[in-house]
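Below, chains carry the letters A, B, ... as their sequence lines are ordered, and counting in each starts from 1. Every heavy atom of this structure was used, including side-chain atoms; hydrogens, water molecules and symmetry mates were not.
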Amino acid sequence: MLKEPAIFAQLIQSYARSGKLEKGRQLHAHLVTSYGTPSTFVANHLLNMYAKCGDLAHAVALFDQMPQRNLVSWTTMITGFSQNDRFPEAIQTFSSMCAAGIRPTQFAFSSAVQASAALGWLASGRQLHCVSLKLGLDAERFVGSNLADMYSKCFCLPDACRVFKGVSEKDEVSWAAMIDGYAKNGEFDEALMAFQEMLQEETVAADQHVFCSALSACAGLKSEELGRKLHACVVKFGFAVGNVIMSNALTDMYSKAGEMESATRVMGTSYDGWNVVSCSSLIDGHVEGEEIEKAVSIFVECKRRGINPNEFTFSSIIKACAGQAALEQGMQLHAQVIKSGFIMDPFVCSTLIDMYGKCGLLSSSTESFHEIQSPTYIAWNSIISVLAQHGCGREAIVAFHRMVSGHVEPNHATFVSLLMACSHSGLVEQGLRFFDSMKETFGLDPREEHHSCVIDMLGRAGRLREVEEFISRMPAEPNAFGWCSLLGACRTHGKKELGELAAEKLMKLQPENSGTHVLLSTIYASEGQWEEVKAVRRLMRDRRMKKLPGLSWVEVEKKTHVFGAEDWSHPKKDEIYKKLEQLWIRIREEGYVPFTGAVARRVEESEKERLLRHHSERIAVAFALIGSPAGKPIIVKKNMRICVDCHKAIKLIAKVEGREIIVRDNARFHHFKGGACSCRDYW
DNA sequence: TTAGGGTTAG
């Protein structure tokens, strides 16, 4: 029999604290050989030591052999499982403990609730909540804070708030969990209000965790002003130095606010500021700000410093390739993703699906989708969106039905893509049914963007009277996208008056958007109303607006080249213009008649033809024809809609050159092959 | 002898 259990217990405890597993094992063996089976008291210490050192196998073996287990034995096992990421076993052990007739205390509850939170198992979290209510432990500080955390991690914010309100003697941990809960659920204002409320509490002082959560809320709001204030507080409290997570939160906040200089500065001045999280934030900030070259240079620098990209880094940099239609680079990254094992990540997969889709390779996009064993809503949303962009409305609908029958819940984003798919493919009736089903079947309230999709859908189909009716029934006025769709439809279907109304609304919503003025002027120009065209131009001049230049990008030999209309800056300009002349002659032989109506300028016909010939998309196509090997598809990305005449011309260029040409404009894809185009309703 | 919160994504 062990004479001095307290001394051994102390020794075991010290091994547990310092992680000396081997010493602990030796002592355990010594105790067994010298004194036989350890008492419950000593065994509990051993259990704790094994759990703290991550040796769950020995903990389980010992626990199974214990002749008598008490409350602490069970609790130690639950905590051990939870802290070693073995969450289902933590929950299982909790229920075995109850079945063994032992009444759990706040310690066991905390750990079991944490396990439910980590797994996102709302049902087990709720059951634990119920049991804690019965035992009167739900308002206890640890249990209550963990329950609130669990509910917010399971996206049940109202329940989280209710539990949090009931917690007695909240401390900074409780507050941090709640602030973070608001932020993670997208309630950024609420998060910052909670933060302020906390600051007024006399008994609680903000710590680093609290500031990090507040910064994350600030990042969500993309508010530079608030962010700077918070940054000042962080400095004042002395938290700014030496904390990697804090520096990462600051970098991310500035990146999200588009303040890339500040973001870079925070990173550069912090100890250990260059790490995979801050780099990913910075890359993403540059990608969002369309500074692709900078994003790539950080990615390169990251690798040079020996920082291995993770799933976040890959997502962002692949998104950059998608934005630029840089297929070669995207494919290289795909290879790296496979090599590094991040191919299983749902976000990375979804960006790959999106990247291939945006680069025009529908087949690679669907292949990437089919490689996923059990697609999440993220992957489904991506593929539905890609199918929509490619004008494959029916396929998008099939995908949607498969998603639902596979018990994956669609969300608001799913319906945006689905409605767009219906719109682009002219499937108006089905689209309208889907719109109704949002609320009726899926309990989702249609948002502004869904209403805009319906406007677009009816407008494209020329059902403008129904559009007016639909708008009058909407809970609020359409947003800019809605009015813009209407304006576009009015141009296509020659509805001048309605177009003027849409333009007027749009100018109020987006006074800086030169596109509205341009669109309106083309409506007038197509009807030969040159006085009105002049008036719109005057308005643009008075408002000091410049027409956004139409630009086209094309990737040749792994390098992206950009062209504007009438662009004479490229070193190969002579060859390009010679090619354009040749193409002009060859497509004229194929029956091409230039549509000079697309030129909203009052100049000679020959000048109009010259202007059309030198549109940026055509220059890009000509350049790619010269510079890339025969048989390779040409992918051009354009920052606005492709013009009607270029659409006709490129269709024939694809035919005479025997090349696949894909033009991705700011609305959709045009896949030209053998004298035809994939899109079904382009003028 | 047993317990809690923090940074990056479509």
Side-chain angles (χ1 to χ4, degrees), chain A residues 5-6 9-10 12-13 16 40-49 51-52 70-80 82-83 104-114 117 140-150 152-153 167 171-181 183-184 207-216 219 239 243-253 255-256 275-285 287-288 310-316 318-319 322 345-354 376-382 385 411 413 417:
Chain A
Q10 261 182 15
I12 297 166
Q13 226 180 329
T40 304
F41 175 73
V42 171
N44 285 347
H45 273 98
L46 285 165
L47 285 179
N48 186 40
M49 186 273 296
K52 287 267 159 30
N70 64 11
L71 171 68
V72 177
S73 329
W74 284 97
T75 310
T76 306
M77 286 310 290
I78 296 166
T79 311
S82 194
Q83 287 180 342
T105 58
Q106 64 268 41
F107 298 99
F109 271 109
S110 301
S111 295
V113 171
Q114 276 170 57
E140 193 275 335
R141 198 204 307 164
F142 282 76
V143 179
S145 302
N146 278 322
L147 281 170
D149 188 48
M150 180 278 295
S152 65
K153 284 191 174 130
V167 175
D171 61 5
E172 66 277 12
V173 181
S174 332
W175 281 100
M178 199 59 234
I179 293 167
D180 197 55
K184 288 239 160 65
D207 66 1
Q208 311 194 9
H209 298 258
V210 173
F211 271 107
C212 282
S213 297
L215 277 169
S216 140
F239 295 143
N243 185 324
V244 183
I245 292 177
M246 181 68 84
S247 130
N248 290 348
L250 284 166
T251 307
D252 188 57
M253 180 275 292
S255 287
K256 288 247 167 61
N275 56 64
V276 70
V277 174
S278 61
C279 288
S280 303
S281 292
L282 207 60
I283 290 172
D284 203 62
V287 174
E288 288 297 314
N310 69 6
E311 64 272 37
F312 287 83
T313 335
F314 277 123
S315 287
S316 296
I318 294 169
K319 193 165 67 182
D345 184 82
F347 286 100
V348 174
C349 279
S350 128
T351 45
L352 280 170
I353 294 167
D354 191 56
T376 62
Y377 75 97
I378 302 167
W380 282 110
N381 284 1
S382 296
S385 151
N411 65 4
S417 301

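What separates CZ of F107(A) from P of dA3(B) is a distance of 8 Å, to the nearest Å. Between the C1' atom of dT7(B) and the CE atom of M246(A) lies a distance of 10 Å, rounded to the nearest Å. Atom-to-atom, CD1 of I283(A) to C1' of dT7(B) comes out at 15 Å; the value is rounded to the nearest Å. N248(A) places its CG atom 8 Å from the C1' atom of dT8(B), with the value rounded to the nearest Å. Straight-line distance from the CZ atom of R141(A) to the C1' atom of dG5(B): 13 Å, rounded to whole Å. Taking atom CG of residue D284(A) and atom C1' of nucleotide dT7(B), one finds them 14 Å apart after rounding to whole Å. Look at CD on E311(A): it is 13 Å from P on dT8(B), rounded to the nearest Å. A straight line from CD1 of I78(A) to P of dG4(B) spans 13 Å, rounded to a whole angstrom.
The residue Q10(A) sits apart from the nucleic acid: no heavy atom pair falls under 4.0 Å. At the heavy-atom level, Q114(A) lies under 4.0 Å from the strands shown only through sugar-phosphate atoms. When heavy atoms are screened at a 4.0 angstrom cut-off, V210(A) is found touching base atoms of the nucleic acid. Heavy atoms of D180(A) sit under 4.0 angstrom from primed sugar atoms or phosphate atoms, though from no base atom. At the heavy-atom level, S382(A) lies nowhere under 4.0 Å from the strands shown. Using a 4.0 Å heavy-atom cutoff across all strands shown, Q83(A) reaches sugar-phosphate atoms only and no base atom. At the heavy-atom level, S385(A) lies nowhere under 4.0 Å from the strands shown. Across all strands, S280(A) comes closer than 4.0 Å to base atoms (heavy-atom distances). Heavy atoms of Y377(A) sit under 4.0 angstrom from at least one base atom.
T351(A) and D354(A) share no donor-acceptor pair across their side chains, judged by distance under 3.5 Å alone. Counting only N and O atoms by type, the side chains of D252(A) and S255(A) include no donor and acceptor under 3.5 Å apart. For the residue pair N70(A) / S73(A), a side-chain donor-acceptor distance below 3.5 Å is found, with atom types taken as modelled.
For K256(A) and dA9(B), the shortest distance from a side-chain N or O to OP1 or OP2 is below 4.0 Å. Within the structure, every side-chain polar atom (N or O) of K184(A) is placed at least 4.0 Å from both OP1 and OP2 of dA9(B).
Rounding to the nearest 0.5 Å gives a distance of 7.5 Å between CD of Q114(A) and CD of Q83(A).
Distances were taken from every side-chain heavy atom of K153(A) (C-beta onward) to each of dT1(B), dG6(B), dA9(B); the shortest belongs to dG6(B). Taking the side chain of S350(A) as heavy atoms from C-beta on, and the options dG5(B), dA9(B), dG10(B), the nearest nucleotide is dG10(B). Distances from the side chain of S111(A) to the nucleotides dA9(B), dG6(B), dA3(B) place dA3(B) closest. Candidate nucleotides dG4(B), dA3(B), dT1(B) were compared by shortest atom distance to the side chain of S174(A), and dG4(B) ranks first. In this structure, of dT2(B), dT8(B), dA9(B), it is dT8(B) that holds the atom nearest to the side chain of D252(A). In this structure, of dG10(B), dG4(B), dT7(B), it is dG4(B) that holds the atom nearest to the side chain of F142(A). The side chain of K319(A) sits closest to dA9(B) out of dG4(B), dG6(B), dA9(B). In this structure, of dG6(B), dA3(B), dG5(B), it is dG5(B) that holds the atom nearest to the side chain of A177(A). Distances from the side chain of V277(A) to the nucleotides dG5(B), dT8(B), dA9(B) place dT8(B) closest. Listed candidates were dT1(B), dT7(B), dA3(B). Nearest to the side chain of V72(A) is dT1(B).
No N or O donor and acceptor, one from the side chain of S216(A) and one from the base of dG6(B), sit under 3.5 Å apart. Between the base of dG4(B) and the side chain of D171(A) there is a donor-acceptor pair shorter than 3.5 Å. Residue side chain D207(A) reaches the base of dG5(B) through a donor-acceptor N/O pair under 3.5 Å, judged by distance alone.
Note on K256(A) versus E288(A): no salt bridge recorded, every NZ/NE/NH1/NH2 to OD/OE distance being 4.0 Å or above.
For the side chain to side chain contact (heavy atoms under 4.5 Å, CB included) test with N248(A), the passing option among C279(A), C212(A), S280(A), S278(A) is S278(A); the others fail.
Considering only heavy atoms from C-beta on, V277(A) stays 4.5 Å or farther from F312(A) through its side chain.
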